[in-house]
Amino acid sequence: MAEVILPELGEGIDKATVSYWLFEVGQPVKEGEDLVEMATDKAVFNVPSTITGILKQKVAQDGDEVKVKSVLAVIE
Amino acid sequence: MRISVVDLGKISFQKAFLRQLDIQKQVLEGEVSHTLVFCEHPHTITSTRRTDVNNILDHRFILDNNVDYVMGINRGGDITYHGPGQLMGYMIFDLRNLGRDLGLFLRNMESSIIKTLAAFNIEACSKAGFRGVWAGDKKIASIGIGVNKWVTIHGFGLNVNTELKFFEIIRPCGLDIKMTSMKKELRGSLNLGLVKKEFVRVLNGIFNLDSLNLTCLKEA
């Protein structure tokens, strides 16, 4: 099992908003595959899965604000 | 650190976007270095996945004046206008070599625009809580990027000689704001080439670049 974390984004950016999930709970996902699109006021970026497995849980939902270093998803 | 500067000249937003994707792939694979793409678009409105359609204020004007409308762009920010006289600077940079610091990259981009404007005697600044670069209470440059595996895409639109009336058909950036241009601030048109040259000079200093290759690719 692995947690997918919102990485640190650098100076002055301490949170980002979930734009949309590219996978549904229960779907298989490969290591390095983009899992979720996140947005700040100036940038959008994808957060990839850290392992190959099944998306077990979306900890944050579309539209949720997430702090950096927080858990976005659980892959099993 | 090296940077390539590519000038696409006048080109549609869609073609420039495809060119950017191609460069981004090459940067991701380590085939090319950081790349700055200059270009100028015909009248085009672009929006992101976050854009509220109510931010389009005059649909009829868009239809009657042959303005392109491109939806769902993978960049930050909201709806904006691109057109003749506006300098587009697409910065396809590898943040894996720049400390993986998105905040610093965006600040450096804004600083580069501010210092470029200063060279033309326009006082500009960034505003806490607002995107882009401002001359007084009016916005002069818009910023929005996308990032794929720490390689950026998109960048900024700096109003040099932009026809500002086109911004009135939308709520730029989803806000009730006024836009301005270098032409308006200086009461005279500027040569886009001079602005590009100054921006590259400033960028060179801010990002501590060693060398520049200038490639001009003119596309129909």
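Computed over heavy atoms, backbone and side chain alike; hydrogens, waters and symmetry mates excluded. Since we're looking at a predicted model, the values are computed, not measured. Each chain gets a letter, A, B and so on, in the order the sequences are listed, and its residues count up from 1.
- The closest donor-acceptor contact from the side chain of Arg96(B) to the backbone of Gly99(B) lies at 3.5 Å or more, if one exists at all.
- The heavy-atom pair separating Leu35(A) from Trp21(A) by the smallest distance is O-CE3, 3.6 Å.
- Residues of residues 127-154 of chain B lying within less than 4.5 angstrom of chain A, judged on heavy atoms, are Phe130(B), Arg131(B), Gly132(B), Ile143(B), Gly144(B), Ile145(B), Gly146(B), Val147(B), Asn148(B), Lys149(B), Trp150(B) in numerical order.
- Side-chain atoms of Asn161(B) come within 3.5 Å of backbone atoms of Leu190(B) as a donor-acceptor pair (strictly under, hydrogens ignored).
- For Ser19(A), no part lies near chain B; criterion is any non-hydrogen pair under 4.5 Å.
- Scanning residues 100-112 of chain B against chain A with a 4.5 Å heavy-atom cutoff picks out Arg100(B), Asp101(B), Leu102(B), Gly103(B), Leu104(B), Leu106(B), Arg107(B), Glu110(B), ordered by number.
- Under the 30°/60° scheme for interplanar angles, the aromatic rings of Tyr90(B) and Phe13(B) are found to stand perpendicular.
- Smallest separation of non-hydrogen atoms from Val200(B) and Leu36(B): CG2-CD2, 4.0 Å.
- Shortest non-hydrogen contact noted between Leu55(A) and Ala73(A) is CD1-CB, 3.8 Å.
- Interface residue Glu8(A): only backbone heavy atoms are found under 4.5 Å from chain B.
- Counting non-hydrogen atoms of other residues, nucleotides and ligands closer than 6.0 Å to CD of Glu123(B) gives a total of 12 or fewer.
- A salt bridge links Asp176(B) and Arg171(B); the closest N-O separation between the charged side-chain nitrogens and carboxylate oxygens is under 4.0 Å.
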Exercise. Which is it for Arg50(B) and Thr17(A) under the side-chain hydrogen bond (donor to acceptor under 3.5 Å, both in side chains) test, yes or no, and what are the steps along the way?
Worked result: CA-CA 11 Å; Arg50(B) 302 167 94 189; Thr17(A) 304; 4.5 Å; no

Exercise. Would Tyr69(B) and Ser47(B) satisfy side-chain hydrogen bond (donor to acceptor under 3.5 Å, both in side chains), going step by step from the backbone distance to the final call?
Worked result: CA-CA 8 Å; Tyr69(B) 179 48; Ser47(B) 63; 3.1 Å; yes

